[in-house]
Enquirer: 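Take a look at the following structure, please.
Quick note: residue numbers are just sequence positions, from 1.
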Amino acid sequence: MPIHEIWAACTEPEQLLHWFAEVSGDLRVGSEAFIDFDNGEHTPLVIRECEPPTLLVADWAFGDDAMSTLRVDLSSPDDGGTTMVLEHRMLPSSTGVGYAAGWHAYLDRLADQLSGAEITNWSQRFDELIGDYQASA
């Protein structure tokens, strides 16, 4: 899939709503945006870096968690596809496993959206994954 399509899916609020959550606000460097998850969590984001269509870095604090940093890098190898690397840094060890399973479930949903498949239920997919992540921690 072309890099611009992946970038759009990761940065345009109307696309994020389908696979991730409702995102509002300003996605420019130094600006603040908000993520409203289905569970009622209202999470602020501060955009640290934004270099379309290859890099997005944002700080966020979900619930009572300390501030952490999300980094999404996109690149286009010679085959015309796109490689995505998602890193979520500065997470407490007590929540890292949950974030890993959660991002896995969200990225499965992103793949569903991009392929035109039915979007996987996040909670169900998370429940399927969390045991394996806990066992490997």
Enquirer: Minimum heavy-atom separation for T82 and P2, please, with both atom names.
Expert: OG1-C, 3.3 Å
Enquirer: For a 4.5 angstrom cut-off between non-hydrogen side-chain atoms, does R48 reach D59?
Expert: yes
Enquirer: Would you find a donor on one side and an acceptor on the other, under 3.5 Å apart, between the side chain of S31 and the backbone of L27?
Expert: no
Enquirer: Of all the heavy-atom pairs spanning M84 and I6, show the shortest one and how long it is.
Expert: CE-CG2, 4.0 Å
Enquirer: For D26 versus A33, what's the shortest heavy-atom pair and its separation?
Expert: O-CB, 3.9 Å
Enquirer: What closest approach, in Å, do F34 and P44 show between heavy atoms, and which atom pair accounts for it?
Expert: CD2-CA, 3.8 Å
Enquirer: Is F20 close to P13 at the side-chain level, that is, under 4.5 Å between some pair of heavy atoms?
Expert: no
Enquirer: Is there a donor-acceptor contact under 3.5 Å linking the side chains of S68 and H88?
Expert: yes
Enquirer: Less than 4.5 Å apart, any side-chain heavy atom of Q113 and any of I119?
Expert: yes
Enquirer: With no hydrogens and no angle check, just 3.5 Å: does a side-chain donor-acceptor pair link T120 and D108?
Expert: no
Enquirer: With side chains defined as the heavy atoms from C-beta onward, is the minimum distance between L110 and C10 less than 4.5 Å?
Expert: yes
Enquirer: Heavy atoms, side chains only, cut-off 4.5 Å: are L86 and W103 in contact?
Expert: yes
Enquirer: Can you give me the closest heavy-atom contact between A9 and L114, atom names plus distance?
Expert: CB-CD2, 4.0 Å
Enquirer: Quick check: is L16 connected to V46 through a chain of hydrophobic side chains (ILVMFWY, heavy atoms under 4.5 Å apart)?
Expert: no
Enquirer: Are V72 and E87 side-chain neighbours, meaning at least one heavy-atom pair lies under 4.5 Å?
Expert: no
Enquirer: Is it true that H104 and Y133 have ring centroids separated by less than 6.0 Å?
Expert: yes
Enquirer: Can you find a pair of side-chain heavy atoms, one from L55 and one from L74, that are under 4.5 Å apart?
Expert: no
Enquirer: Do L56 and R71 come within less than 4.5 Å of each other through their side chains, counting heavy atoms only?
Expert: no
Enquirer: My understanding is that only residues two or more places apart in sequence, or in another chain, count here; which of them pass side-chain hydrogen bond (donor to acceptor under 3.5 Å, both in side chains) with S75?
Expert: none
Enquirer: Please say yes or no: joined through hydrophobic side-chain contacts below 4.5 Å, possibly via intermediate residues, are V57 and W7 part of one cluster?
Expert: no
Enquirer: Is W19 linked to M1 within one hydrophobic cluster, defined over Ile, Leu, Val, Met, Phe, Trp and Tyr using a side-chain heavy-atom separation of less than 4.5 Å?
Expert: yes
Enquirer: For F37 together with F62, are the ring centres under 6.0 Å from each other?
Expert: yes
Enquirer: Can you name the closest pair of heavy atoms from P77 and T83 and give their distance?
Expert: CG-OG1, 3.6 Å
Enquirer: Taking only residues two or more places apart in sequence, or in another chain, which ones meet H4 in a side-chain hydrogen bond (donor to acceptor under 3.5 Å, both in side chains)?
Expert: none
Enquirer: Please verify the inter-ring angle class for W60 with Y99; under 30° counts as parallel, over 60° as perpendicular, anything in between as tilted.
Expert: tilted
